[in-house]
Visitor: 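Below you'll find the structure I mean.
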Amino acid sequence: FQDQAEQFFRSGHTNNWAVLVCTSRFWFNYRHVANTLSVYRSVKRLGIPDSHIVLMLADDMACNPRNPKPATVFSHKNMELNVYGDDVEVDYRSYEVTVENFLRVLTGRIPPSTPRSKRLLSDDRSNILIYMTGHGGNGFLKFQDSEEITNVELADAFEQMWQKRRYNELLFIIDTCQGASMYERFYSPNIMALASSQVGEDSLSHQPDLGIGVHLMDRYTFYVLEFLEEIHPASQTNMNDLFQVCPKSLCVSTPGHRTDLFQRDPQNVLITDFFGSVRKVEITTETVSLDPDVAGFESKFPEEELATEPLKYAEQLPVAQIIHQKPKQKDWHPPGGFILGLWALIIMVFFKTYGIKHMKHVF
Amino acid sequence: MAAPLVLVVLAAVTVRAALYRSSLAGFIAERVEVASPLNAWKRVVEGLALLDLGVSPYSGAIFHETPLIIYLFHFLIEYAELVFMITDVLTAVALYLAIQDFNKVVFKKQKLLIELDKYAPDVAELIQTPMEMHYIPLKVALFYLLNPYTVMSCVAKSTCAINNSVIAFFILATIKGSAFLSAVFLALATYQSLYPLTLFAPALLYLLQRQFIPVKLKSKSFWLYTVQYASLYLCSLVVIICLSFFLLNSWDFIPSVYGFILSVPDLTPNIGLFWYFFAEMFEHFSLFFVCVFQINVFFYTIPLAIKLKEHPVFFMFVQLAIISIFKSYPTVGDVALYMAFLPVWSHLYRFLRNIFILSCVLIFCSFLFPVLWHLWIYAGSANSNFYYAITLTFNIGQILLISDYFYAFLRREYYLTHGLHLTRQDGTEAMLVLK
């Protein structure tokens, strides 16, 4: 049972979060919304509740006036699968999906008035799935047709999350053109990244539906959805299988992944570690005593140095001196040449008008 | 005549000083009808503060005054109220002297035409007598100093007062006949706000008249004098602009002042016609309409010059009015300047047709301006259309006033030469109509 108890701590996470972002608006970007909703659907099906999902959709396709089948978003042609369903909770919608809001969600630097549903309240034992889709390029992802997030910003945001202990492990999936450029700059530990295409390649869309008139899904996410449909909460499928999803023959682009920052072997990482919220519950009638040293928790803090005399505030910053010192006014004076020229002109005009004979009265 | 003038000046100064000390000064200084982005006092102070901090005042879009104003106020900023009161007094005195001289000229010309028998026999009642013309200069000074528009403009410390004073000196110089001084003052006025350029034509016509040079396109002396005057004017303008360069060692002031006046980027509401149009216009049309609106100011010069060749001072009055109606950022200070001239044409009263309605329109609109502004901005129960309606009505009132005076003037001239009782060919009474 010791072993079994140790298995409790195998993956190191206790809760799951998902941040699903669709960054494109307009009707012809239907497929990006469908992509995001497919992942949302899978993630919810596998157990992550709405309270742990931050869903950001930049436009409303289900209620778009151009949607011939209102209140639906289909992912398969012939309208086989409605990923919108009855139970979609969109947290950031329409113009709220901005780079600033996305970064605030990730880093947690959110104004106090933000409702809970819009916050990513993860802790250092959370596994977070971040899925992004939209239009992108080499090093950037376009938000709302007017701004971009760069791979550097994203990497820095993840680093902030790491430093604030906001995740245990992070899975980053991106389905855009040249998506691999977005994970090139990550430098924080415990991040695994997947992308639908390499730098220089475009991610292609899957099938158009002639009834709806737009492409319904992107290829990569379509095949990921097909893959996820076969996962159930107890499946033991691991990440290596996810890396094989959508080979070049089906996807036309080459999906990429990055695992160098991840500490565990992808072989040992279950799909449900990120896509589901699998509670590790084992019912037993026997007592298991946990060795306090079992996790190998070491004191990370070095011994404190001798405490020096605390510095008083005033000594560190001479406030009194600063506030009583008036800024030295550097007065501006008109240049001498100007004054000379102006008065010379005035005197010339005066004497031209009144004649030179007045000169002797002046002097 | 000095004593009544001094009394008037004292009264005006008292009124202004009283208003400066009262709490109304702050309120008036903020009114958009009195302070436009071009001449607000707040912006002058801001520009000078920027200079003290080592930044060029033209670097932002706040300061649109000329460098000479910077120089003037750099030393006089603590005495600003005194400066503006003195400016107003100077303007009034200049107008007084100018109109005095003008009356002499008018009277001389009238006498000449009577002796030459150019007038019809029955127009005795239309001839101006020295008695009635005696008090006109005082009335002009009075009209200028005690006009509520001028008082408000002075209390708000809007630099429009300085512009008015330069134009008044220009008029004085022109009527005295000194081409050099008039060119210099016109250059100063143009340098400050671009539109007095159109006053070149009436000044030229007046000076030609004074030198007895007939205005004929073939006449050599006409062209010679025109070229002389134009070159004096242009040279002084160039000299002043180059001198301003040396104040801040940069040409920044040219786009800030003239570019601003011509391209109208700031659409703060004022009593003019530009702001509303350009607020609702699409970007790709704005250049076209800016050109159209600006041409509108300069457009009336040539036709008026042709029609009012013989009467350049009236032409100047009409031109001043056109400038203050159609300029890009008019304020009530500009209106006050041409209204000061109305006593000069008081003999036209019998020919004015709509004077009651027009004065009612102008007075009502002046009172409605703050009301509708409050309703639009503070109460929120009106919108910009209401305020623009009052602006439009005010400008229509002004335009009708000018055209009424124009028509009355021409009618009087016609009656003078053709007699008061006009008859048609069959002997019935005829009516004079302006076509």
Side-chain angles (χ1 to χ4, degrees), chain A residues 24-28 58-59 65-66 94-95 98-100 113 135 142-148 317-363, chain B residues 44-59 63 66-78 166 169-170 172-174 176-188 191 228 232-233 235-250 253:
Chain A
S24 326
R25 56 172 32 241
F26 307 130
W27 172 246
F28 48 83
D59 203 354
R66 291 171 76 167
S94 184
Y95 289 108
T98 59
V99 172
E100 181 189 343
S113 55
H135 288 286
K142 183 172 78 160
F143 267 69
Q144 296 270 15
D145 213 28
S146 62
E147 50 178 5
E148 295 143 9
L317 189 67
V319 175
Q321 256 180 302
I322 291 177
I323 60 178
H324 289 301
Q325 187 186 60
K326 291 229 172 60
K328 226 167 98 63
Q329 284 279 18
K330 248 186 343 164
D331 274 337
W332 172 83
H333 286 289
F338 176 81
I339 303 182
L340 198 66
L342 184 68
W343 286 103
L345 276 176
I346 292 177
I347 290 179
M348 261 171 31
V349 167
F350 178 72
F351 284 123
K352 177 77 172 50
T353 338
Y354 291 107
I356 211 83
K357 62 184 190 286
H358 286 261
M359 278 270 269
K360 68 173 200 271
H361 292 284
V362 172
F363 291 107
Chain B
V44 174
V45 172
E46 176 91 23
L48 290 172
L50 281 174
L51 262 183
D52 275 339
L53 290 171
V55 176
S56 160
Y58 299 112
S59 49
F63 189 71
T66 56
L68 280 181
I69 301 279
I70 298 182
Y71 177 66
L72 180 74
F73 282 112
H74 177 71
F75 297 108
L76 295 176
I77 192 141
E78 289 108 40
V166 173
F169 276 113
F170 153 71
L172 177 64
T174 313
K176 288 259 187 210
S178 155
F180 175 64
L181 265 186
S182 127
V184 166
F185 279 116
L186 187 63
L188 268 175
Y191 163 75
Q228 261 182 340
L232 271 173
Y233 169 62
C235 282
S236 4
L237 194 58
V238 164
V239 163
I240 295 174
I241 291 184
C242 291
L243 190 69
S244 325
F245 169 76
F246 289 109
L247 187 77
L248 289 168
N249 279 324
S250 74
F253 71 97

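In what follows, chains carry the letters A, B, and so on, assigned in the order in which the sequence lines appear, proteins first and then strands, with residues in each chain numbered from 1. Heavy-atom basis, side chains included; hydrogens, waters and symmetry copies ignored.
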Visitor: Run the numbers on A:Leu342 and B:Leu247 for side chain to side chain contact (heavy atoms under 4.5 Å, CB included), then give the verdict.
Guide: CA-CA 10 Å; A:Leu342 184 68; B:Leu247 187 77; over 6 Å; no
Visitor: Going by the rule ring-ring contact (aromatic ring centres under 6.0 Å, His included), which residues pair with A:Phe28 if we only count those two or more places apart in sequence or in a different chain?
Guide: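 Applying ring-ring contact (aromatic ring centres under 6.0 Å, His included) to A:Phe28 gives A:Phe26.
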Visitor: Given that the side chain runs from C-beta out, which part of B:Ser244 has a heavy atom under 4.5 Å from chain A: side chain, backbone, both or neither?
Guide: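 For B:Ser244, backbone heavy atoms alone lie under 4.5 Å from chain A.
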Visitor: Given that the side chain runs from C-beta out, which part of B:Leu181 has a heavy atom under 4.5 Å from chain A: side chain, backbone, both or neither?
Guide: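 Only the side chain of B:Leu181 comes within 4.5 Å of chain A.
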Visitor: Please enumerate all residues that pass side-chain contact (heavy atoms from CB on, under 4.5 Å) together with B:Leu237, with sequence neighbours excluded.
Guide: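 Partners of B:Leu237 by the side-chain contact (heavy atoms from CB on, under 4.5 Å) criterion, ordered by chain and then number, come out as B:Ala187, B:Thr190, B:Tyr191, B:Tyr233, B:Ile241.
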Visitor: Taking A:Phe338 as the fixed residue, which of B:Phe245, B:Tyr71, B:Phe246 is the one that meets the ring-ring contact (aromatic ring centres under 6.0 Å, His included) rule?
Guide: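 That would be B:Tyr71.
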